[in-house]
Number of protein chains: 2
Amino acid sequence: MKKDLRVIKTQESLRKALFTLLKTKPLETITIAELCRLARINRGTFYLHYKDVHHLFKSYVEVIVEDLKLSYREPYNKTNNNIKFIKADMIRIFHHVNNYRDFYQIVFDEHIPMMYFYMLFDTVRSFMKESIDDYTFEKVSSVQMDYYISYQTNAILGMLIEWHRQDYSTPIKELNEQLLEILTFKSPFR
Amino acid sequence: MKKDLRVIKTQESLRKALFTLLKTKPLETITIAELCRLARINRGTFYLHYKDVHHLFKSYVEVIVEDLKLSYREPYNKTNNNIKFIKADMIRIFHHVNNYRDFYQIVFDEHIPMMYFYMLFDTVRSFMKESIDDYTFEKVSSVQMDYYISYQTNAILGMLIEWHRQDYSTPIKELNEQLLEILTFKSPFR
DNA sequence: ATTATAATTAGACACGTGTTCAATAAAATC
DNA sequence: GATTTTATTGAACACGTGTCTAATTATAAT
């Protein structure tokens, strides 16, 4: 059994309306009433599908995150040099964020709920876990691993936050160099 | 010229009302109307002082952040061993978060806007900057430093996120060990 | 104590929210 | 094609939002 055509039409209209409105005003100022007027959908119908505007927006985020995952799965030159490896992994995240810059400008906005950050966090974390699982031979307890992976994951996201705050003015090439620099840096902590 | 007594009374009533309501329901469900009824303040008066509930909540956050800064300034055993140094710096952040656990459970909630995370980020970042400035002798460009500091800052916050997601079940002592482990870890990335 | 200043108030306004209802229309099933 | 099923609709409801007025009251200044 496939999905009712009416449902598809309704959801597409709302998605389109949200997309249109996002070009003119910030997400946090978009009301359900406004969306429904533009989409020519009864306001009650909105609530049959979504809880609030964020629930609708989340369906976007899922598409973007899917693209991130896809781009990550893409074949690429794997080397047995770990630092090149992690660099290749993360550089593709930088590229992805750059491609969807308009989108991430929303996600990193201070008025936007943490949930989208966590969605990004979880996705990058799964990549990070793979990288570390594949290339770490030292055995440590799983609890330790949880903290270590979250530590490394959020470190990368810290670079994205810095990028965002500098209005994405730093070119990817330079970000790339920064990351390499950091990973090979003779840290003051050791 | 000091502040009008009426203003002080109004703001204290609202703060108290928010504090009371937070014990019974999540921040995101607290309405301005509800706060004003409890505080016996006219709703119009609320708008003379605050833009929304988050603006009021922010005055809490500022108090907490102030305590974090204070606790950071406290004298402590500084050693010329850098890893002990950074560990001492960050362990006091873990303690602080533990002390205000109820509060940070709100701040890290997925429905809460990023702004509070950024406030924490900025505060920890300033500590991180000091640590690195004091103990890093290699000279690098300021742009590089911005990324490096944000990278290290958010790494620590990644541990806090992991801690939060594990319902703060990990004892501080163990977090302490985790951090030490990570900082001395023979990273797979190098 | 009197006066000047400024905060607070009640009331109203248009609009948004979240929910419910019976009526209708569109799609799926037979 | 007729029938059953289900999504959508419009209307209404109580409540919240943000803004504005004029009247009132508390505080500060004299």
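If you're wondering where the values come from, they're calculated on a predicted model, not measured in any experiment. Naming convention: chains lettered A, B, ... in sequence-line order (proteins, then strands); numbering from 1 in each chain.
Here the side chains of V107(A) and I112(A) are not in contact, with every heavy-atom distance at 4.5 Å or above. The shortest side-chain heavy-atom distance between I32(A) and Y50(A) does not fall under the 4.5 Å cut-off. Side chains of Y148(B) and K129(B) form no contact here, defined as non-hydrogen atoms less than 4.5 Å apart.
Distance CE/M114(B) to CG/L120(B): 11.5 Å, rounded to 0.5 Å. For the atom pair H95(B) NE2 and L68(B) CG, the distance stands at 13.5 Å (nearest 0.5 Å).
Shown here are the salt bridge (Lys or Arg N to Asp or Glu O under 4.0 Å) partners of D109(B), two or more places apart in sequence or in another chain: there are none. The salt bridge (Lys or Arg N to Asp or Glu O under 4.0 Å) search around E177(A) returns K173(A), not counting sequence neighbours.
Using bins of under 30°, 30° to 60° and over 60° for the plane-to-plane angle, the ring pair H96(B)/Y104(B) lands in the perpendicular bin. Ring orientation note: the planes of F121(A) and Y118(A) are nearly perpendicular, at an angle over 60° on the 30°/60° scale.
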- Query: Which is it for F57(B) and Y116(B) under the ring pair (Phe, Tyr, Trp, His ring centres under 6.0 Å) test, yes or no, and what are the steps along the way?
  - Reply: CA-CA 10 Å; F57(B) 183 70; Y116(B) 309 116; 5.1 Å; yes
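Residue T31(A) places no side-chain N or O under 4.0 Å from the OP1 or OP2 atom of dC15(C). Side-chain N/O atoms of T10(B) include none lying less than 4.0 angstrom from OP1 or OP2 on dA7(C).
Residues from residues 34-59 of chain B lying near DNA chain C, meaning a heavy-atom separation below 4.0 Å, are R40(B), I41(B), N42(B), T45(B), L48(B), H49(B) in numerical order. Shown for residues 11-26 of chain A: no residue has heavy atoms falling under 4.0 angstrom of DNA chain C.
Hydrophobic clustering (ILVMFWY, side-chain heavy atoms < 4.5 Å, transitive): L70(B) and I91(B) are in distinct clusters.
Taken over five-pair windows at either terminus, the axes of the helix from dA1(C)-dT30(D) to dC30(C)-dG1(D) are inclined to one another by 30° (rounded to 10 degrees).
Taking all atoms of both residues into account, the shortest heavy-atom contact from V53(B) to T31(B) is CG2-C, 4.3 Å.
A cation-pi arrangement, defined by a distance under 6.0 Å to the six-membered ring centre and an angle within 45 degrees of its axis, is absent between R92(B) and F127(B).
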Taking only nitrogen or oxygen atoms into account, show me every contact under 3.5 Å that the protein makes with nucleotides 22-27 of chain D, one pair per line with its distance.
{"unit_1": "dA26(D)", "atom_1": "N3", "unit_2": "R6(B)", "atom_2": "NH1", "d": "2.8"}

